[in-house]
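Encoded as structure tokens, the structure appears first; notes follow it.
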Amino acid sequence: MYFYRMKPDAQLFKGSLTTIILKLLAENDKMYGYEITKKVKELTNGSLELTEGALYPALHKLETEGHVKPIIETIGNRQRKYYKLTSNGKTEVKKKLKEYGNFLAQMQLLLNIKPSF
Amino acid sequence: MELSKEQIDQLFKFTEKKYVRWYDLQLEVVDHLATKIEEAMSQDSKLSFEDALRKVYKGFGIFGFAKIVQQKEYSVQKQRSKIWWRTIKEFFTWPKLTFTVCLFLVAWQLSHILAAEYLRIIFLVTYILTAVWLAVSKKRNRIANKKLLILEYNPENNWQFFYLYQTIIFTLDDNWSPLMFSVLTVAGTIMHIATVKLYRSVMKNAEELYPEAFTA
């Protein structure tokens, strides 16, 4: 099942969604679901569009694990659920980024390529 | 542009129609739909609310909200299980370990003093009280005038507790060793406490996050 509406190379992002969400929340005090989707699209220049079917289960899982906590605020005529990192979440971000850094280093060795950014 | 209160209410009814029964999940889905609809209508002034909703809903794929609902129900259940087992673990670490040991000793003494039939009556009464309390607690979700997933408690998910009690009630006799009786009494009591604590924890969390669900 496709979790992402995307160009084929974005399949590589599968499995990294939790890390992406945690990192965004570490850089922003709190975010809501759609805001995360927009930010990811903006940062990847439109390459990666998270679908709701991928995003919300990932957020709910982070909530279950105690890495994020919900905050409900009234916005105009409706309520909005924001997510904010807990102290566990802040530790988890550091851990995940380190793991990802190691992963990238290993892939570079294996594939002998350099990123183009 | 901002959607009106009536349009937001329409979105809640829409999510209900599409099998999102829980208010806590509807709130999040409605906000997502509303934000995307507002964006779409801002970009195309000729787009009606209904057409914008159709377009945005299509973006959820052929399964619509089904996957989100299923995953959320699974997450909530997992979170409950985590809280329950964490409470159980507390009774085997300091300082609650002292309670566990004292309870064991009391059960040990009782098993020497009372005949099996009296011990069975004690368990049967506790079992009935717990089952009634859980049934009433389930009804308490209706205190919230909106149904909350985080309050929807399924007692059968604490199957360990119920099977243990049933085993004791139906098989306890004078052939049971004091050790077996004491161990199972401790296990049953700790599970009972964990169940009550879990319910109180989820209720408190629900009242903090969704106070509007508890007003008439």
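We name chains A, B, ... by the order of the sequence lines, and we start the count at 1 in each one. Only this structure's heavy atoms are used, side chains among them; waters, hydrogens and symmetry mates stay out.
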Checking heavy atoms, do the side chain of [X], its backbone, both or neither come under 4.5 Å from chain A?
X         : result
Tyr210(B) : side chain
Lys82(B)  : side chain
Leu33(B)  : neither
Leu27(B)  : both
Glu6(B)   : neither
Gln71(B)  : side chain
Glu38(B)  : side chain

**Prompt:** Of the listed residues (Lys72(B), Gln70(B), Gln7(B)), which shares the most heavy-atom pairs with chain A below a 4.5 Å separation?
**Reply:**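 Among Lys72(B), Gln70(B), Gln7(B), the one with the most close pairs to chain A is Lys72(B).
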**Prompt:** Do you know which of Asp9(B), Leu209(B), Val76(B), Leu11(B) has the most heavy-atom pairs under 4.5 Å to chain A?
**Reply:**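 Of Asp9(B), Leu209(B), Val76(B), Leu11(B), Leu209(B) has the most heavy-atom pairs under 4.5 Å with chain A.
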**Test: Glu208(B) and Lys69(A) ion pair at under 4.0 Å** = no
**Prompt:** Can you tell me how far NZ of Lys5(B) sits from CG of Asn77(A), rounded to the nearest 0.5 angstrom?
**Reply:**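 Those atoms lie 7.0 Å apart.
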**Spatial distance of atom OH (Tyr34(A)) from atom CG (Asp31(B)) [nearest 0.5 Å]** = 11.0 Å
**Prompt:** So which heavy atom on His60(A) is nearest to which on Ile68(B), and how close?
**Reply:**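 Residues His60(A) and Ile68(B), closest heavy atoms: CE1-CG2, 4.3 Å.
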**Request:** Considering non-hydrogen atoms only, spot the tightest contact between Gly59(B) and Glu52(A) and give its length.
**Result:**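 So the two residues come closest at O-OE1, 3.4 Å.
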**Asked** By a 4.5 Å heavy-atom criterion (distance strictly below it), what part of Glu35(A) contacts chain B: side chain, backbone, both, or neither?
**Response**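 Nothing of Glu35(A), per the 4.5 Å heavy-atom cut-off to chain B.
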**Prompt:** Taking it one step at a time, do Arg78(A) and Thr35(B) satisfy side-chain contact (heavy atoms from CB on, under 4.5 Å)?
**Reply:** CA-CA 10 Å; Arg78(A) 60 187 186 265; Thr35(B) 311; 3.2 Å; yes
**Item:** Member of Lys67(B), His32(B), Glu28(B) meeting the side-chain hydrogen bond (donor to acceptor under 3.5 Å, both in side chains) criterion with Tyr56(A)
**Value:**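 Testing each of Lys67(B), His32(B), Glu28(B) against Tyr56(A), the sole residue satisfying side-chain hydrogen bond (donor to acceptor under 3.5 Å, both in side chains) is His32(B).
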**Message:** Tell me whether the count of non-hydrogen atoms from other residues, nucleotides or ligands lying under 6.0 Å of NZ in Lys81(A) goes above 12.
**Reply:** yes
**Asked** Partners of Tyr57(B) by ring-ring contact (aromatic ring centres under 6.0 Å, His included), sequence neighbours excluded?
**Response** Phe14(B), Phe65(B)
